[in-house]
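Below, chain A is the first sequence line, B the second, and so on; all start at residue 1.
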Amino acid sequence: MASKNLVIVESPAKAKTIEQYLGKDYEVRSSFGHIRDLPKKGLNIDIEHDFAPTYEVSADKKKVVAELKKAAATREVWLASDEDREGEAIAWHLTQALKLDPAKTKRIVFHEITKPAIEQAIVNPRVIDINLVDAQQARRVLDRLVGYELSPVLWKKVRTGLSAGRVQSVAVRLIVEREREIRDFKPVVSFRVTARFTVNGSELPAELNIKLADKEAARPFLEACTGETFTVSNVAKKPGTRSPSAPFTTSSLQQEASRKLGFSVRQTMSLAQRLYEDGKITYMRTDSTNVSAIALDATEKYIKQQFGEQYHKRRQYQTKTAGAQEAHEAIRPTDASRLEAGADSQQQKLYRLIWQRAVASQMAEAKIDRTEITIKLANRSEFFVAKGEVLVFDGFFKVYGGNKDDVILPDVKAGQTLELRELLATETFSRSGARYSEASLVKKLEELGIGRPSTYAPTISTIQTRGYIEKTDLEGEERQVCVLSLDSKVVKETTRSEITGADKNKLVPTDMAEVTTDFLVKYFGDILDYDFTANVEGDFDAIAEGKKQWPVMIKEFYKGFHPLVEKSELASREEASQARELGKDPVSGKPIIARYGRYGAMLQRGEATDEEKPDFAPLPEGSKLETVTLDQAIEMFKLPRTVGKTAEGKEILADIGRFGPYIKVDKLFVSIKPLDPTTITESEARELYEAKLKKEAEKHIKEFDSGLKVLNGPYGPYITDGKKNARIPKTTDPVSLTEAEAKKILAEAPAKKRFTRRKK
DNA sequence: CAGTGAGCGAGCTTCCGCTTGACTT
């Protein structure tokens, strides 16, 4: 018998759980998120008529909507999408698509998937809050206007196919600005003084209370210490505590999984999705640290049983994030006593992390005894400080963090004299802000209230696939560090080298990102402003509270925004391309310019006039539009360069192509990576050329009179007529292949696949 | 597989946020 009620939620995994709680009178189905949206093609906003949007059922939701419609026909419908702006809009769109009366259809909400929460929701239905729906429409329309009016400007001024938007353009800007800070950063040098004392046979490491400015200050200080007396002036003992962190939200999960497990944000989300679908964790796209009372009770029971009363402390965490909508719980295990879950080792690691964080969040503080010993000098005002830390109660460290070793200091009393064993002054360099990783960028966006849990991972992908950002490992450079040491009353100077600036898996902007960001900031400063989202969120809140009409808000915004679009259309390509004159060519006297062209960053020698065409060259490997120098550019214009001749007397040319540096003899190209085409010698070139010839020769297995060739390719032997290739089956010996057989294989082979190459 | 860069014209690209699978060489 068919049930009388149809409950519609957003997620199918949720539907399954809720159906169990509600019993046979209720069928629970899911909408799979939004079902209607503005069509992808075209603006679909009637600017002249109160910005009226045109919606359509999304292509991938046609089937879902048709099925829901059928199911709704004979039942009472309960709209149970999430209780936030987007969820309310989904409920409203469902009434439109299913032809329900929004004023009469039952709307229910819950923040946790527990039996009491669902039962409570069912007895308290309301109707759709149209103000909240309007706030969502305002959000949607604003994002469409910004995205679809800004992007075409970039197609004209920078590069075709580019994109801009309220979220992605700010994400790119953050990375561009951080990179420039690093580029312009001048480290400040100072000297850190460390000492090793002995007392009653034990060691006491300590550090000077101040840093010394330079070697000229450090050396006399060390010298002065030879005649010093070191006395303990104070021993301070302070008890301290460490409290656990809140359970995970999407953003904090992404950060910790990146830091502790090395997962990318996308990887973390997909692993979490699987754990969620298996019912092992709660929903993974959330901005809330809230935990249901049932889960708190279960965690309490687990902690008390496992570790004892003193390890438990019930806590509710306040969600501090700007603009948090708190439609879901924090990410936690669905069963606190389940220590392991997950189908593979990665899922298991992520589950373990979620479990640890959630359980730890309900545990007692760790207690730490801190000791601070002050050591004064008889004749100087500077003093040394030794810090000790002993864990006296591990508390939540039992399950999460806290694998730091104790620093135990020897027992000393004020007035005791210490013997100096070692004294070092080590040069230190101040550091610039760190490059963003995927996870730290998400953290920053969350702080700014930009983007939502469901969009962090896709945003990071977008700015990479659009070619704004690259994820790279940076090598770093060696630098010399000066160390002064006191050795039997004499100050000795040594240097050791260290690597600086090495970075792994960090986000670095491309030239295109720098050019685009500068253009957007110049013409659309307000929208690229870090506070823009926070400001419009205020307006959305006013709409949600019924204090403002959404078309009024959008009209005000558009009145300021659209003229900027028109103004930006007047910018010259030259201006957008950031042309920068590096200097004059010493030979011709023509200006050499670095700029961003239609195909990317490039160098130009001479101006384009009616009589003259300029020369062009690519940027040297690894250099940037903003930092390339005149000398580097001059070298690039020396290409292609005649390196010399082969043993047979053929000319060897060196140049840089799309695939890096190469040499060319007749029509044969030979990659010379990592050699430099401006400096490669004739003998180096000959060696590479001959090696290539040998390899080419090995490639040929046989050739028939008709021109059919049997070659050795990277995937094994194959037949080619120059146009079409065909793999030779493993059962056939390529050497004894006859011409007729070869023809047959080639004719039967599938047609050449056409790869649609994405523009990079 | 080893260029190009002006401007014209065709027709294309593009946003953010909510959900999963269907895909991959």
What would the secondary structure line of DNA chain B be in dot-bracket form, counting Watson-Crick and G-U wobble pairs under 3.5 Å, with [ ] for pairs that cross earlier ones and | for pairs with another strand? .........................
Please enumerate all residues that pass salt bridge (charged side-chain N to carboxylate O under 4.0 Å, His left out) together with A:Lys650, with sequence neighbours excluded. A:Asp666
Respond yes when some side-chain nitrogen or oxygen of A:Thr455 is under 4.0 Å from OP1 or OP2 of B:dG17, and no when none is. yes
Could you give the CE-to-C1' distance, from A:Met269 to B:dG17, as a whole number of Å? 13 Å
Just the rounded figure in Å: distance from P of B:dA6 to CD of A:Gln604. 9 Å
Is A:Asp82 touching bases, backbone alone, or none of the nucleic acid, heavy atoms closer than 4.0 Å? sugar-phosphate
Decide yes or no on side-chain hydrogen bond (donor to acceptor under 3.5 Å, both in side chains) for A:Arg266 and A:Ser461, but give the supporting numbers first. CA-CA 8 Å; A:Arg266 176 203 281 255; A:Ser461 298; 3.2 Å; yes
State, yes or no, whether a side-chain contact exists between A:Arg36 and A:Trp92 at a heavy-atom distance under 4.5 Å. yes
Report the residues that fulfil side-chain hydrogen bond (donor to acceptor under 3.5 Å, both in side chains) with A:Glu67, sequence neighbours left out, ordered by chain and then residue number. none
Short side-chain N/O contact to B:dC15 OP1/OP2 from A:Arg466, under 4.0 Å: yes
Under 4.0 Å between a side-chain N/O of A:Ser30 and OP1 or OP2 of B:dT19, yes or no? no
When you measure from the side chain of A:Ser81 to the backbone of A:Gly87, do you find a donor-acceptor pair of N or O atoms at a distance under 3.5 Å? yes
A:Ser454 side-chain N/O to B:dC18 phosphate OP1/OP2 under 4.0 Å: yes
From the candidates B:dT19, B:dT13, B:dC18, the one with an atom nearest any side-chain atom of A:Lys41 is B:dT13
If you look at every strand shown and take non-hydrogen atoms under 4.0 Å, does A:Pro12 touch a base, only sugar-phosphate, or nothing? sugar-phosphate
Pick base, sugar-phosphate or nothing for A:Gly451, based on heavy-atom distances below 4.0 Å to the nucleic acid. sugar-phosphate
Under-3.5 Å donor-acceptor pair between A:Thr160 side chain and B:dT13 base: yes
Which part of the nucleic acid, if any, lies within reach of A:Tyr596 when heavy atoms closer than 4.0 Å are counted: base, sugar-phosphate only, or nothing? nothing
Identify whether any heavy atom of A:Tyr283 sits under 4.0 Å from a base atom; if not, whether one sits that close to sugar-phosphate; answer base, sugar-phosphate or nothing. sugar-phosphate
Hey, does A:Gln168 reach any base, or is it just sugar-phosphate, or nothing, if we go heavy atoms under 4.0 Å? sugar-phosphate
Can a cation-pi geometry be assigned to A:Arg466 and A:Tyr468, taking NZ or CZ under 6.0 Å from the six-membered ring centre and within 45° of the ring axis? no
B:dT19 phosphate, OP1 or OP2: any side-chain N/O from A:Arg285 under 4.0 angstrom? yes
Rounded to the nearest 0.5 Å, how far does CZ of A:Phe637 lie from CZ of A:Phe616? 8.5 Å
Does A:Ser163 reach a base, just sugar-phosphate, or nothing at all? Heavy atoms under 4.0 Å. sugar-phosphate
Please list all pairs meeting side chain to side chain donor-acceptor pair (under 3.5 Å) that have one or both residues in residues 54-63 of chain A, counting only residues at least two apart or in different chains. A:Tyr55-A:Gln137
Looking across every strand, which nucleic acid part, if any, lies under 4.0 Å from A:Ala164 by heavy atom: base, sugar-phosphate, or nothing? sugar-phosphate
Residues forming a side-chain hydrogen bond (donor to acceptor under 3.5 Å, both in side chains) with A:Arg595, sequence neighbours excluded: A:Gln604
So, is A:Arg274 near the phosphate of B:dT20, with a side-chain N or O under 4.0 Å from OP1 or OP2? no
What's A:Gln136 touching, base or sugar-phosphate or nothing? Going by heavy atoms closer than 4.0 Å. nothing
Under 4.0 Å, counting only non-hydrogen atoms across every strand here, what does A:Gly165 touch: a base, just sugar-phosphate, or nothing? sugar-phosphate
Name every residue in residues 137-152 of chain A that has at least one heavy atom under 4.0 Å from any atom of DNA chain B, in order of residue number, or write none if there are no such residues. A:Arg139, A:Arg140, A:Asp143, A:Arg144, A:Gly147, A:Tyr148, A:Ser151, A:Pro152
Between A:Trp155 and B:dT13, do the rings stack, that is, sit under 5.5 Å apart with planes less than 30° off each other? yes
